[in-house]
Novice: 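First, the structure itself, so that you have it in front of you.
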Amino acid sequence: MVGANVKAETMKLMEKRSAIESEMNGIIYRLTQPGGPGLSGNLVDSEGFPRTDIDIPVVRADRHRLAELRNDHKEITKKIEASIEILHSARLAPKSSSPGDSGNNETSSSLNASSDNAAASAAMDMDPFINIPFAVIDEIADASPTAEDGLQLGDQIVKFGDVQYQAGENLLQKLASEAQANQDKAVSVVVLRQGSPINLTVTPRAWEGRGLLGCSFRVL
(Lines give C-alpha, C1' and ligand atoms only; values in the text may rest on other atoms or scores of the structure.)
Protein backbone atom coordinates (compact mmCIF):
# COMPACT_ATOMS: atom_id res chain seq x y z
CA MET A 1 0.00 0.00 0.00
CA VAL A 2 2.97 2.27 -0.58
CA GLY A 3 1.06 4.08 -3.32
CA ALA A 4 -1.86 4.82 -0.99
CA ASN A 5 0.50 6.09 1.71
CA VAL A 6 2.28 8.37 -0.76
CA LYS A 7 -1.05 9.68 -2.01
CA ALA A 8 -2.23 10.46 1.54
CA GLU A 9 1.03 12.24 2.31
CA THR A 10 0.81 14.19 -0.95
CA MET A 11 -2.72 15.33 -0.13
CA LYS A 12 -1.54 16.53 3.29
CA LEU A 13 1.30 18.45 1.65
CA MET A 14 -1.12 20.03 -0.82
CA GLU A 15 -3.44 21.09 2.01
CA LYS A 16 -0.47 22.60 3.85
CA ARG A 17 0.61 24.42 0.68
CA SER A 18 -2.91 25.77 0.20
CA ALA A 19 -2.83 27.17 3.74
CA ILE A 20 0.52 28.84 2.99
CA GLU A 21 -0.87 30.29 -0.23
CA SER A 22 -3.92 31.66 1.57
CA GLU A 23 -1.70 33.45 4.09
CA MET A 24 0.55 34.75 1.30
CA ASN A 25 -2.43 36.04 -0.66
CA GLY A 26 -3.73 37.84 2.43
CA ILE A 27 -0.40 39.60 2.92
CA ILE A 28 -0.12 40.46 -0.78
CA TYR A 29 -3.63 41.88 -0.73
CA ARG A 30 -2.82 44.12 2.26
CA LEU A 31 0.44 45.37 0.82
CA THR A 32 -0.89 46.07 -2.66
CA GLN A 33 -3.99 48.02 -1.69
CA PRO A 34 -4.31 51.46 -3.38
CA GLY A 35 -1.88 53.80 -1.66
CA GLY A 36 -0.19 50.88 0.04
CA PRO A 37 3.56 50.27 0.23
CA GLY A 38 3.60 47.40 -2.27
CA LEU A 39 5.64 44.24 -1.96
CA SER A 40 8.97 46.08 -2.14
CA GLY A 41 8.14 49.79 -2.29
CA ASN A 42 10.10 52.48 -0.50
CA LEU A 43 9.12 53.16 3.11
CA VAL A 44 10.42 56.74 3.09
CA ASP A 45 8.97 59.80 1.40
CA SER A 46 10.58 61.99 -1.27
CA GLU A 47 12.50 63.87 1.43
CA GLY A 48 13.90 60.72 2.98
CA PHE A 49 11.67 60.68 6.05
CA PRO A 50 9.66 57.62 7.14
CA ARG A 51 6.24 57.57 5.53
CA THR A 52 3.49 58.67 7.89
CA ASP A 53 0.61 57.18 5.90
CA ILE A 54 1.55 53.56 6.66
CA ASP A 55 2.43 51.52 9.74
CA ILE A 56 6.07 50.82 8.92
CA PRO A 57 6.68 48.10 11.59
CA VAL A 58 3.59 46.22 10.37
CA VAL A 59 4.68 46.55 6.74
CA ARG A 60 8.16 45.26 7.56
CA ALA A 61 6.69 42.35 9.52
CA ASP A 62 4.37 41.49 6.62
CA ARG A 63 7.21 41.58 4.10
CA HIS A 64 9.41 39.44 6.34
CA ARG A 65 6.62 36.93 6.85
CA LEU A 66 5.94 36.85 3.10
CA ALA A 67 9.60 36.02 2.43
CA GLU A 68 9.42 33.18 4.97
CA LEU A 69 6.23 31.82 3.42
CA ARG A 70 7.73 31.91 -0.07
CA ASN A 71 10.69 29.85 1.13
CA ASP A 72 8.34 27.39 2.85
CA HIS A 73 6.26 27.24 -0.32
CA LYS A 74 9.29 26.36 -2.45
CA GLU A 75 10.30 23.57 -0.09
CA ILE A 76 6.85 22.03 0.13
CA THR A 77 6.43 22.27 -3.65
CA LYS A 78 9.63 20.26 -4.09
CA LYS A 79 8.24 17.56 -1.80
CA ILE A 80 4.95 17.51 -3.70
CA GLU A 81 6.76 17.17 -7.02
CA ALA A 82 8.80 14.26 -5.66
CA SER A 83 5.64 12.51 -4.44
CA ILE A 84 3.91 13.12 -7.75
CA GLU A 85 6.78 11.48 -9.61
CA ILE A 86 6.37 8.39 -7.39
CA LEU A 87 2.62 8.30 -7.97
CA HIS A 88 2.99 8.80 -11.69
CA SER A 89 5.63 6.06 -11.92
CA ALA A 90 3.33 3.69 -10.02
CA ARG A 91 0.49 4.44 -12.42
CA LEU A 92 2.63 3.85 -15.52
CA ALA A 93 4.68 0.88 -14.23
CA PRO A 94 4.28 -2.13 -16.59
CA LYS A 95 3.05 -5.39 -15.12
CA SER A 96 5.30 -8.37 -15.99
CA SER A 97 4.82 -12.10 -15.60
CA SER A 98 6.87 -15.19 -16.35
CA PRO A 99 5.29 -17.86 -18.64
CA GLY A 100 6.88 -20.68 -16.64
CA ASP A 101 5.48 -19.68 -13.27
CA SER A 102 3.12 -22.25 -11.69
CA GLY A 103 1.89 -23.59 -8.35
CA ASN A 104 3.09 -21.51 -5.41
CA ASN A 105 4.78 -19.13 -7.81
CA GLU A 106 1.38 -18.38 -9.37
CA THR A 107 -0.07 -17.64 -5.93
CA SER A 108 2.87 -15.39 -5.09
CA SER A 109 2.59 -13.61 -8.43
CA SER A 110 -1.13 -13.13 -7.90
CA LEU A 111 -0.55 -11.52 -4.51
CA ASN A 112 2.17 -9.28 -5.88
CA ALA A 113 -0.02 -8.24 -8.81
CA SER A 114 -2.87 -7.45 -6.43
CA SER A 115 -0.56 -5.26 -4.36
CA ASP A 116 0.79 -3.53 -7.46
CA ASN A 117 -2.70 -2.91 -8.81
CA ALA A 118 -3.77 -1.36 -5.51
CA ALA A 119 -0.82 1.02 -5.60
CA ALA A 120 -1.48 1.91 -9.22
CA SER A 121 -5.16 2.45 -8.46
CA ALA A 122 -4.28 4.80 -5.62
CA ALA A 123 -2.05 6.77 -7.97
CA MET A 124 -4.76 6.96 -10.61
CA ASP A 125 -7.26 8.41 -8.13
CA MET A 126 -5.34 11.69 -8.32
CA ASP A 127 -4.09 12.72 -11.73
CA PRO A 128 -1.04 14.83 -10.81
CA PHE A 129 -1.16 16.86 -14.01
CA ILE A 130 -4.76 18.03 -13.66
CA ASN A 131 -5.36 18.92 -10.02
CA ILE A 132 -2.37 21.07 -9.14
CA PRO A 133 -2.44 24.87 -9.42
CA PHE A 134 0.79 26.18 -10.90
CA ALA A 135 0.39 29.96 -10.77
CA VAL A 136 -1.56 32.62 -8.88
CA ILE A 137 -2.82 36.00 -10.07
CA ASP A 138 -0.98 38.49 -7.86
CA GLU A 139 -1.94 41.67 -9.74
CA ILE A 140 -4.91 42.57 -11.89
CA ALA A 141 -5.77 45.88 -13.57
CA ASP A 142 -9.22 47.45 -13.53
CA ALA A 143 -11.15 47.15 -16.80
CA SER A 144 -8.61 44.64 -18.12
CA PRO A 145 -9.69 41.58 -20.13
CA THR A 146 -8.89 39.40 -17.12
CA ALA A 147 -11.02 41.47 -14.75
CA GLU A 148 -13.92 41.81 -17.18
CA ASP A 149 -13.94 38.07 -17.89
CA GLY A 150 -14.25 37.18 -14.22
CA LEU A 151 -10.79 36.32 -12.91
CA GLN A 152 -9.89 37.70 -9.48
CA LEU A 153 -6.80 38.56 -7.47
CA GLY A 154 -5.56 35.43 -5.72
CA ASP A 155 -7.11 32.98 -8.19
CA GLN A 156 -4.86 29.95 -8.57
CA ILE A 157 -4.48 28.75 -12.14
CA VAL A 158 -4.96 25.01 -12.60
CA LYS A 159 -5.38 25.09 -16.37
CA PHE A 160 -5.12 27.91 -18.92
CA GLY A 161 -5.99 26.66 -22.39
CA ASP A 162 -3.52 23.86 -23.03
CA VAL A 163 -1.19 24.95 -20.22
CA GLN A 164 -1.25 22.98 -16.98
CA TYR A 165 1.19 21.88 -14.30
CA GLN A 166 4.32 20.11 -15.45
CA ALA A 167 7.49 19.93 -13.41
CA GLY A 168 10.53 21.61 -14.94
CA GLU A 169 8.60 23.70 -17.46
CA ASN A 170 8.79 27.49 -17.85
CA LEU A 171 5.13 27.97 -17.07
CA LEU A 172 5.12 31.78 -17.20
CA GLN A 173 6.48 31.65 -20.73
CA LYS A 174 3.88 29.03 -21.65
CA LEU A 175 1.10 31.24 -20.26
CA ALA A 176 2.31 34.21 -22.31
CA SER A 177 2.60 32.09 -25.47
CA GLU A 178 -0.87 30.62 -24.94
CA ALA A 179 -2.39 34.10 -24.58
CA GLN A 180 -0.62 35.38 -27.70
CA ALA A 181 -1.62 32.32 -29.74
CA ASN A 182 -5.26 32.83 -28.78
CA GLN A 183 -5.64 36.59 -29.18
CA ASP A 184 -9.33 37.43 -29.65
CA LYS A 185 -10.25 33.77 -29.03
CA ALA A 186 -11.98 32.35 -25.98
CA VAL A 187 -9.64 30.33 -23.74
CA SER A 188 -10.99 27.88 -21.17
CA VAL A 189 -9.52 28.43 -17.71
CA VAL A 190 -9.80 26.41 -14.51
CA VAL A 191 -8.93 28.17 -11.25
CA LEU A 192 -9.04 27.41 -7.57
CA ARG A 193 -10.80 30.19 -5.67
CA GLN A 194 -10.81 29.79 -1.90
CA GLY A 195 -10.22 26.08 -2.42
CA SER A 196 -13.07 25.53 -4.88
CA PRO A 197 -12.55 24.81 -8.61
CA ILE A 198 -14.16 27.30 -11.00
CA ASN A 199 -14.42 27.08 -14.80
CA LEU A 200 -14.12 30.35 -16.71
CA THR A 201 -13.56 31.60 -20.23
CA VAL A 202 -11.05 34.39 -20.88
CA THR A 203 -10.44 36.14 -24.19
CA PRO A 204 -6.93 37.63 -24.53
CA ARG A 205 -7.31 40.91 -26.40
CA ALA A 206 -5.89 44.35 -26.91
CA TRP A 207 -7.14 46.98 -24.49
CA GLU A 208 -5.97 50.39 -23.29
CA GLY A 209 -3.44 48.86 -20.89
CA ARG A 210 -0.41 46.61 -21.28
CA GLY A 211 -0.51 43.05 -22.55
CA LEU A 212 -3.44 40.97 -23.68
CA LEU A 213 -4.70 40.02 -20.23
CA GLY A 214 -3.94 42.94 -17.92
CA CYS A 215 -2.72 40.82 -15.03
CA SER A 216 0.47 39.30 -13.70
CA PHE A 217 1.08 35.74 -12.56
CA ARG A 218 3.37 34.33 -9.91
CA VAL A 219 4.48 30.73 -10.27
CA LEU A 220 3.65 28.59 -7.26
Novice: So Leu213 and Phe160, do their side chains get closer than 4.5 Å, heavy atoms only?
Specialist: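 SC-SC contact between Phe160 and Leu213 confirmed.
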
Novice: With sequence neighbours excluded, what pairs up with Arg193 under the side chain to side chain donor-acceptor pair (under 3.5 Å) test?
Specialist: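 Arg193: side chain to side chain donor-acceptor pair (under 3.5 Å) contacts with Asp155.
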
Novice: Checking Leu66 now: which residues fulfil side-chain contact (heavy atoms from CB on, under 4.5 Å) with it, not counting sequence neighbours?
Specialist: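 Checked Leu66 against side-chain contact (heavy atoms from CB on, under 4.5 Å); matches are Met24, Ile27, Ile28, Leu39, Arg70.
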
Novice: Just to verify, what does Glu148 make a salt bridge (charged side-chain N to carboxylate O under 4.0 Å, His left out) with, not counting sequence neighbours?
Specialist: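 Glu148 satisfies salt bridge (charged side-chain N to carboxylate O under 4.0 Å, His left out) with Arg205 only.
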
Novice: According to side-chain hydrogen bond (donor to acceptor under 3.5 Å, both in side chains), does anything in residues 210-220 pair up with another residue at least two apart or in another chain? List the pairs.
Specialist: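 Found Asp138-Ser216.
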
Novice: Got a sec, which pairs hit salt bridge (charged side-chain N to carboxylate O under 4.0 Å, His left out) with one end in residues 55-65, sequence neighbours left out?
Specialist: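 Every pair satisfying salt bridge (charged side-chain N to carboxylate O under 4.0 Å, His left out) with a residue in residues 55-65: Glu23-Arg65, Arg30-Asp62, Arg65-Glu68.
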
Novice: Please identify each residue that fulfils side chain to side chain donor-acceptor pair (under 3.5 Å) with Ser22, with sequence neighbours left out.
Specialist: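 Partners of Ser22 by the side chain to side chain donor-acceptor pair (under 3.5 Å) criterion come out as none, since no residue qualifies.
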
Novice: Test your reading of the model: is there a side-chain donor-acceptor pair from Gln156 to the backbone of Ala135, 3.5 Å cut-off?
Specialist: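 Not at all, since once roles are kept as given, no pair shorter than 3.5 Å links the two residues.
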
Novice: With sequence neighbours left out, what residues match Arg17 under salt bridge (charged side-chain N to carboxylate O under 4.0 Å, His left out)?
Specialist: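 Checked Arg17 against salt bridge (charged side-chain N to carboxylate O under 4.0 Å, His left out); matches are Glu21.
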
Novice: According to side chain to side chain donor-acceptor pair (under 3.5 Å), who are the partners of Asn25, at least two apart in sequence or on a separate chain?
Specialist: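 Listed in chain order: nothing, the list is empty.
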
Novice: Any heavy-atom pair between the side chains of Phe217 and Ile157 that's under 4.5 Å?
Specialist: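 With C-beta onward as the side chain, the pair touches.
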
Novice: Return the set of residues passing salt bridge (charged side-chain N to carboxylate O under 4.0 Å, His left out) with Asp53 (not counting sequence neighbours), or none when no residue passes.
Specialist: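 Asp53: salt bridge (charged side-chain N to carboxylate O under 4.0 Å, His left out) contacts with Arg51.
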
Novice: Taking only residues two or more places apart in sequence, or in another chain, which ones meet Gln152 in a side chain to side chain donor-acceptor pair (under 3.5 Å)?
Specialist: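 With neighbours one apart ignored, the set is empty.
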
Novice: Does the side chain of Val190 come within less than 4.5 Å of Ile198's, by heavy atoms?
Specialist: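 Not in contact.
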
Novice: Apply side-chain contact (heavy atoms from CB on, under 4.5 Å) to Ala186 and list each qualifying residue two or more places apart in sequence or on a separate chain.
Specialist: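 Here the qualifying residues are Thr201, Thr203.
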
Novice: As an exercise, state the distance from CD of Gln183 to NZ of Lys185, rounded to the nearest 0.5 Å.
Specialist: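 Separation between the atoms: 10.0 Å.
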
Novice: Going by the rule salt bridge (charged side-chain N to carboxylate O under 4.0 Å, His left out), which residues pair with Glu75 if we only count those two or more places apart in sequence or in a different chain?
Specialist: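 Counting only residues at least two positions away or on another chain, Glu75 forms a salt bridge (charged side-chain N to carboxylate O under 4.0 Å, His left out) with Lys78.
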
